[in-house]
Amino acid sequence: MLNEYEEVLYVGKAKNIKKRIVAYSHIDKLPLRLQQMVAQIVRMEFIIVENEARALLVENELIKKYKPRYNILLKDDKTFPHLMIDVQSEYPCLRKYRGQRKDKSKYFGPFASVGAVNNVIDVLQKAFLLRSCSDSVFRNRERPCLQYQIKRCSAPCVGRISPADYKRLVQEAVAFLEGKNSKVQEELSIAMNEASAREAYEEAIVLRDRIRALTAIQSRQNVEYADIKSADVIALVRDKNLVCIQIFFIRAGQNCGNVPYFPTQAEGASDAEILEAFISSFYIGHMPPKEIIIKQNLENAVFLSEAVGAKISCCHKGNKAKLVVTAENNAKACIERKVAMMASVENNLQAFKERFGLSAIPRRIEIYDNSHIQGSYAIGAMVVATPDGFDKKSYRTFNIKNSEITNDDFAMMKEVLLRRFEKMTPENRPDVILLDGGRGQLNAVYEALDKYELDGIAIIAISKGPDRNAGKEFYHMKNKESFPLEFQSPLAFYMQNLRDEAHRFAIGTHRKKRGKSIFKSSLDEIEGIGGKRKKDLLNYFGSVEEVAQASVTDLQKISGISKKTAEKIFNYFHN
C-alpha cells in the first residue's frame, strides 16, 4: 500500500486477497491506526506467489527493505546457539554451533544463551563421555587429555574405546537429547548390574556415575515441561505504553531458556495482530519447533501454521496454559526493567544536553576510537548510542588505508571521520560526535570536516584524567575551556560507558584483524598457489623459508606443482 509520494505504508499477505482488501473498506470498524493508514493510500501493488511459505518470505523481505510505518517491526538480530553432534564422522564430536544447518549432523536447540548450552555439554560429558575437542587436536593427540582423567571423555583419540562402543555412546546421547531419558537410564542400569556381576567394578563405577549425572538432570526438570518434546511458548504483555513478547524454548522436556522482544510501531494494533507479525518475522530466520503455544486466538492461524511449518496451539487451561502464564510474568518483569533503564538513560541524556549546552536531547551519539600496535593492523571504530541503548547494527569499522599515517592518531581520526561524512545521509546524521582523545583529536577533526555543514552536530573529545583515573576525565569542545564532570555522577558514568564501548569494539576488531594475519604467508601472494598447494609446500619443505631456498627441480617434486608453477614460485622469491 503506497501513498502519493510512492512511500510504502504497509506490506501484508493474505490467502484471499479480495476479502482482505474489502475489510479495509469498512473504515468505521478499523482501529484509529489503520484509519490513518487507509486515508493515505493512493494505490496498491500485488505480488502473487506459489504458496504460504513463499508469501511469508516475500512479506518479510519487503518489510525489512522498506520499513513501512504501519507494519509492526521486530528488531531481531539474534542468532541462537545450538548443540551439534556430527554423527557422520567416525568419532562424533559434541560442540556448540551457530548458523544454518547445512549438513547431516544432529542439532539440538535453540538455547537462549551460550551459558545454557555449556551447562548441557557439561552434563553430557559426564553422562556419555563424548569428546568436545577440535578435529585438529583430536588427530594429533598421543596420550589422553585431562578430560579423560576426570572421567568426562572416553579418549577415542588414543584408542581407549572402540569405534563401535563410541558409536553406542553417541546413540545414547542422541536418544537422551530427543527426550528418551528413561530408556537410556534403564539400559545403563542393566549394564551396571551386569558389570557388577562380572566383578568389573571399575566399569560399574563409570556407569554408576553416568546414571547419577542423568538423574541430576531429571531432578531439575520441571514436571510441566516433561511431556513437551518440541515447543516454543510465546506470551505478549502490554504495560506502561510498551509491548513485550517473551518466548520460551522447550526441547525434549527441557527449558532451553527464554528471550524478550519489544516490537516497534505496535501502537493501536491488537494483541493478535502483533503476535501474527512476530511469528511471521521470527520464524523466517529461526528453525520452528513442532508446536507454538500461545493464549490469543489468531485469525490467520491456519495460514501461519502452513507457512511456518509448526502447529499453533491456543491454550487456556492445563500445563501448557501455565507455561504461557509463566512467560507472561517474565514479560511483565522485562517491561519493568526496560522502563527503569529508559528512565535512567533519558535522565542522563537530559543532563548531557544541559551540561554540554546542546540545543536538544541527543538521539544519535557516535563515538570514535582508533586501535593499532605501533602502526600495525590499524583500524578506526565507530559505535552508536541512542535513547534505546547501543545500536549495534550501526557499528562500523574502518581499515586505515593510508599506511603512512598509521602511527599518527590525529591523521587516523581525520581519515575515519572524512570517510564517515562521505557516506552520511539525513537518516543517520549524528547529534553528537564523541572522540576518544584530547584537544589534538578535536582540532584534527574540525580541520578535516571544514567543508561540511556541522550545524546541529556537537563534537566533543574525552581525554583521560590525572593518573589515567577513570571518573576524572576532561571534556574538550571548540571555543570552550576544557572541563571535568562531577566525580562519580550518573552523567560521568554514562559518558565513561560510551567511551568504553567504543574502546572495547575497537580493540576487539583490531585483535581479530591481527589474529587473521597469523594464518597469512608470502605464499598467498603468488598467483596460482591456493590453500591446497600452500599446504603441500609447507608439509614437504617445513617452512616458507625452506620453500624460498628450494630450486625449481625440488619444487617440481611435489604432486600438482608443474614446471611453470615451480618457476613462478622460484622467481617470486629470487627476483
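What you see below is based on every heavy atom in this structure, not just the backbone, and it leaves out hydrogens, waters and symmetry mates.
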Do the non-hydrogen side-chain atoms of Glu501 and Lys392 ever get within less than 4.5 Å of each other?
yes
Main-chain N/O of Pro68 paired with Gln265 side-chain donor or acceptor, under 3.5 Å
yes
Any non-hydrogen side-chain atom of Ile279 less than 4.5 Å from a side-chain atom of Ile234?
yes
Is it the case that the side chains of Asn3 and Glu7 hold a donor-acceptor pair, with the cut-off being a distance below 3.5 Å and no angle test?
yes
Run the side chain to side chain contact (heavy atoms under 4.5 Å, CB included) check on Phe262 and Asp388 step by step: do they pass?
CA-CA 11 Å; Phe262 292 88; Asp388 294 325; over 6 Å; no
Answer yes or no: are there more than 12 heavy-atom neighbours, outside Phe138 itself, under 6.0 Å from its atom CZ?
yes
For a quick test of reading the model, state the closest non-hydrogen atom pair linking Ser105 to Met84 and the distance between them.
CB-CG, 3.8 Å
Taking Ser25 for the side chain and Ile21 for the main chain, is one N or O donor matched with an acceptor at less than 3.5 Å?
no
State, yes or no, whether a side-chain contact exists between Lys96 and Arg98 at a heavy-atom distance under 4.5 Å.
no
Under 3.5 Å, side chain of Asn60 to main-chain N/O of Leu56, donor-acceptor pair present?
yes
Does the pair Val8 and Asn71 meet the rule for a side chain to side chain contact (heavy atoms under 4.5 Å, CB included), with working shown?
CA-CA 10 Å; Val8 179; Asn71 276 99; 5.9 Å; no
Between Arg251 and Asp232, is there a side-chain N and carboxylate O pair less than 4.0 Å apart?
yes
Which atom pair, heavy atoms only, marks the closest approach of Val259 to Ala112?
CG2-CB, 3.8 Å
In plain terms, say whether Glu273 and Arg33 are close enough for a salt bridge, that is, a side-chain N and a carboxylate O under 4.0 Å apart.
yes
Hey, does Thr509 have a side-chain heavy atom less than 4.5 Å from the side chain of Ser371?
no
In terms of ring plane angle, is the pair Tyr91 and Tyr166 parallel, tilted or perpendicular, where the classes change at 30° and 60°?
perpendicular
Separation between NZ (Lys332) and SG (Cys244), nearest 0.5 Å, reads 11.5 Å
Quick check for you: to the nearest 0.5 Å, what is the distance between Asn497 atom CG and Ile367 atom CD1?
9.0 Å
Distance col, row Ile274:CD1 vs Ile72:CD1, nearest 0.5 angstrom, shows 5.0 Å
So Phe390 and Leu498, do their side chains get closer than 4.5 Å, heavy atoms only?
yes
Within a strict 4.5 Å, meaning less than it, do heavy atoms of the Ile335 and Val339 side chains meet?
yes
Look at atom CD of Glu61 and say whether more than 12 heavy atoms of other residues, nucleotides or ligands are closer to it than 6.0 Å.
yes
Could you pull out the closest heavy-atom pair between Ser394 and Asp391, with the gap in Å?
OG-OD2, 2.7 Å
Evaluate the side-chain proximity of Pro260 to Asn330: yes if any heavy-atom separation is below 4.5 Å, no if none is.
no
Using modelled atom types and a 3.5 Å cut-off, is there a donor and acceptor pairing between side-chain atoms of Asn428 and backbone atoms of Met424?
no
More than 12 heavy atoms of other residues, nucleotides or ligands under 6.0 Å from CG of Asn16: yes or no?
yes
Heavy-atom closest pair (Tyr395 atom, Val384 atom, distance to 0.1 Å) is CE1-N, 3.5 Å
What is the minimum heavy-atom distance between Tyr148 and Cys153, and which atoms define it?
CD1-O, 3.3 Å
Apply the test salt bridge (Lys or Arg N to Asp or Glu O under 4.0 Å) to residues Glu306 and Lys15: give CA-CA distance (whole Å), side-chain angles for both, the deciding distance (0.1 Å), then the verdict.
CA-CA 11 Å; Glu306 293 174 355; Lys15 207 166 187 178; 3.3 Å; yes
So which of Arg499, His510, Arg504, His503 actually passes side-chain hydrogen bond (donor to acceptor under 3.5 Å, both in side chains) with Asp369?
His503
Distance (rounded to the nearest 0.5 Å) between Ile294 CD1 and Leu236 CG
10.0 Å
Kindly indicate, with the supporting measurements, whether the criterion side chain to side chain contact (heavy atoms under 4.5 Å, CB included) is fulfilled by Leu304 and Ile292.
CA-CA 11 Å; Leu304 275 178; Ile292 298 170; over 6 Å; no
Does atom CD1 (Ile48) have a neighbourhood of more than 12 heavy atoms from anything else shown, all under 6.0 Å?
no
Can you tell whether the side chains of Glu178 and Lys229 come within less than 4.0 Å, N to carboxylate O?
no
Identify whether the distance between the nearest side-chain nitrogen and carboxylate oxygen of Glu52 and Lys13 falls below 4.0 Å.
no
So that I can tick it off, tell me whether Glu346 and Arg363 are bridged by a salt bridge, with the cut-off set at under 4.0 angstrom between side-chain N and carboxylate O.
yes
With a 4.5 Å heavy-atom cut-off, do Tyr368 and Arg420 have their side chains touching?
yes
Looking at Tyr97, Phe111, Tyr107, Phe249, which one forms a ring-ring contact (aromatic ring centres under 6.0 Å, His included) with Phe80?
Phe249
The reported gap from NZ in Lys106 to CG in Leu83 (rounded to nearest 0.5 angstrom) is 12.5 Å
Please answer whether the main-chain N or O of Ala301 pairs with a side-chain N or O of Ser305 as donor and acceptor at a distance below 3.5 Å.
yes
Distance col, row Gln40:CD vs Tyr5:OH, nearest 0.5 angstrom, shows 9.5 Å
For Lys167, does the NZ atom sit with more than 12 other heavy atoms under 6.0 Å from it, leaving out its own atoms?
yes
Testing the 3.5 Å rule here: is there a donor-acceptor pair between the side chains of Gln147 and Ser132?
no
Under the side chain to side chain contact (heavy atoms under 4.5 Å, CB included) criterion, do Leu2 and Glu45 qualify, and how do the steps go?
CA-CA 8 Å; Leu2 299 98; Glu45 290 183 0; 4.0 Å; yes
Specify the closest pair of heavy atoms between Ala381 and Phe505, including all atoms of both residues, with the distance to one decimal.
CB-CD2, 3.7 Å
